[in-house]
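First the structure, in the form of structure tokens, and then the observations on it.
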Amino acid sequence: MAPTTMIPFDKAFDIALGAVRRLGTEQVELAQARNRILAQEVRADIYMPPYDMAMVDGYACRRADLGSELKVVETIAAGYEPERAIGPAECANIMTGAMLPEGADCVFMVEHSAPTDSGGVRFTEEDTSDNILPLGKNIAEGDLLLSPGHRILESDIAVLASMGYVRPEVYKRARVAVIATGDELVEPGIKPSPVQIRSSNGAQLCAQVEAMGCIASYIGIARDTEESLEACLKSAIDGSDLALFSGGVSMGEFDLVPGVLEKNGIKIQFDRVAVQPGKPTTFAYSDDLFCFGLPGNPVSTYVIFEILVKSFLFAMMGHTYRPPQVRMRLAHAMTRKSGEREAWIPVVTTSDGRVERVDYHGSAHINALSHAEGLIVFPLGTTELAEGAEVAMRLIRT
Ligand code: AMP
Ligand code: MG
């Protein structure tokens with residue numbers, strides 16, 4: 001087993017993402033496209049709006065006539081062509097989204113109108129905006145609206161729908177096998193004996209995988225034996241793009257995952273990363289499979305998935321992930337003994353718009369994350385962050 005020097009997190013990130021192999025593509029129904037990564041260009045096949053459009057319910061007329069009593073010549077609903085051009089001292093009762101009649105150059109709102117004794121209307125305000133959205137103002141035919149690699153979220157569904165992309169081409173979802181390891185583990189449905197603990201990483205990792213739009217397949221709990229780990233690895237190789245192991249990558253006598261990977265031709269690229277939590281994070285791959293070995297403590301597993309595995313999986317699907325983050329100031333100074341690793345700290349926002357750490361006792365403190373809104377980094381080589389220092393809070397409840 002080659003590497004055992006600790007490398008900075010940024011380097012580990014680059015090594016992993018540099019090894020990515022892109023998945024193939026497929027077409028999906030628009031209703032299933034949310035959270036998928038686009039694999040094609042989306043171009044406009046029409047102008048938007050496709051005609052000069054009334055933006056309010058009201059009266060379309062000539063701006064020069066706003067001071068006059070106006071005769072209502074027709075009613076124009078959305079979806080219907082106006083039948084008449086607007087002449088002097090005339091207007092059309094027009095609905096939001098309807099086509100502006102010829103001759104009109106403004107629309108005043110119903111709320112700014114009053115009926116006249118002769119059955120017409122008049123404008124009751126000082127001035128008004130045009131309330132017209134001109135043809136092609138938002139989108140011109142041929143415009144590039146979305147590029148390959150774009151992650152399709154809710155508003156993008158509207159763009160696809162508007163341009164008739166009812167079966168967009170997207171990257172295939174990465175298939176991720178999840179394997180928990182440890183003789184002490186029992187499945188969550190079982191009451192643990194005094195020397196056992198419930199496995200929480202399997203369920204947590206599957207949830208993280210599914211939340212980002214990949215397919216999780218839970219293999220189970222591998223015992224701390226080569227045979228058991230190998231059996232789980234073999235079921236992962238079949239039909240998965242990536243296997244995630246939790247536990248079994250530290251320095252203990254029963255941390256057998258790296259050895260089993262190597263033995264099966266899956267080459268270790270790094271196995272010590274200067275990050276806390278997550279030091280024993282291991283990355284390996286063969287021609288058939290990528291593997292991450294994540295430390296067993298649930299907060300480590302969670303954090304390393306968020307800051308490393310997620311970007312890796314997105315890259316497999318052609319997407320460059322930019323985590324949502326906000327720059328905020330620290331409510332209190334923070335100090336630590338050693339700057340040997342970068343450290344990720346769970347934080348919340350305070351009522352005066354700063355950030356402070358949540359009660360957090362380290363990587364086994366699973367419920368600490370339930371109270372956190374984000375994570376901030378204590379950078380490599382740094383042992384002090386001053387009160388008021390600006391930090392980037394990476395949001396985890398999006
Ligand atoms: P390991 O990385 O295997 O040395 O495990 C480190 C710690 O994480 C130990 O206290 C394990 O019991 C715990 N742990 C390992 N796997 C899991 C799991 N699937 N769910 C919850 N805790 C785990
Ligand atoms: Mg273990």
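Computed from a predicted structure; not experimentally measured. In listed order, ligands and their atoms are each counted from 1.
In the displayed structure, E126 atom CD is contacted under 6.0 Å by at most 12 heavy atoms of other residues, nucleotides or ligands.
Two residues are said to be in side-chain contact when any heavy atoms from C-beta on lie closer than 4.5 Å; F108 and C61 meet this criterion.
For the side chain to side chain donor-acceptor pair (under 3.5 Å) with E26, the lone residue among R36, K172, R173 that qualifies is R36.
Taking the charged nitrogens against the carboxylate oxygens, E226 and K263 do have a contact shorter than 4.0 Å, which makes a salt bridge.
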Find all protein N or O atoms under 3.5 angstrom from an N or O atom of ligand 1 and list the pairs with distances, or write 'none'.
{"unit_1": "ligand 1", "atom_1": "2 (O)", "unit_2": "G296", "atom_2": "N", "d": "2.9"}
{"unit_1": "ligand 1", "atom_1": "3 (O)", "unit_2": "G248", "atom_2": "N", "d": "2.9"}
{"unit_1": "ligand 1", "atom_1": "8 (O)", "unit_2": "G296", "atom_2": "O", "d": "3.3"}
{"unit_1": "ligand 1", "atom_1": "8 (O)", "unit_2": "N297", "atom_2": "N", "d": "3.1"}
{"unit_1": "ligand 1", "atom_1": "8 (O)", "unit_2": "N297", "atom_2": "OD1", "d": "3.3"}
{"unit_1": "ligand 1", "atom_1": "12 (O)", "unit_2": "E184", "atom_2": "OE2", "d": "2.5"}
{"unit_1": "ligand 1", "atom_1": "14 (N)", "unit_2": "G296", "atom_2": "O", "d": "3.2"}
{"unit_1": "ligand 1", "atom_1": "19 (N)", "unit_2": "S199", "atom_2": "OG", "d": "3.0"}
{"unit_1": "ligand 1", "atom_1": "19 (N)", "unit_2": "N201", "atom_2": "ND2", "d": "3.4"}
{"unit_1": "ligand 1", "atom_1": "20 (N)", "unit_2": "S200", "atom_2": "N", "d": "2.9"}
{"unit_1": "ligand 1", "atom_1": "20 (N)", "unit_2": "N201", "atom_2": "N", "d": "3.3"}

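Using cut-offs of 30° and 60° on the angle between ring planes, the pair F290 and Y285 is tilted.
A cation-pi arrangement, defined by a distance under 6.0 Å to the six-membered ring centre and an angle within 45 degrees of its axis, is present between R336 and F378.
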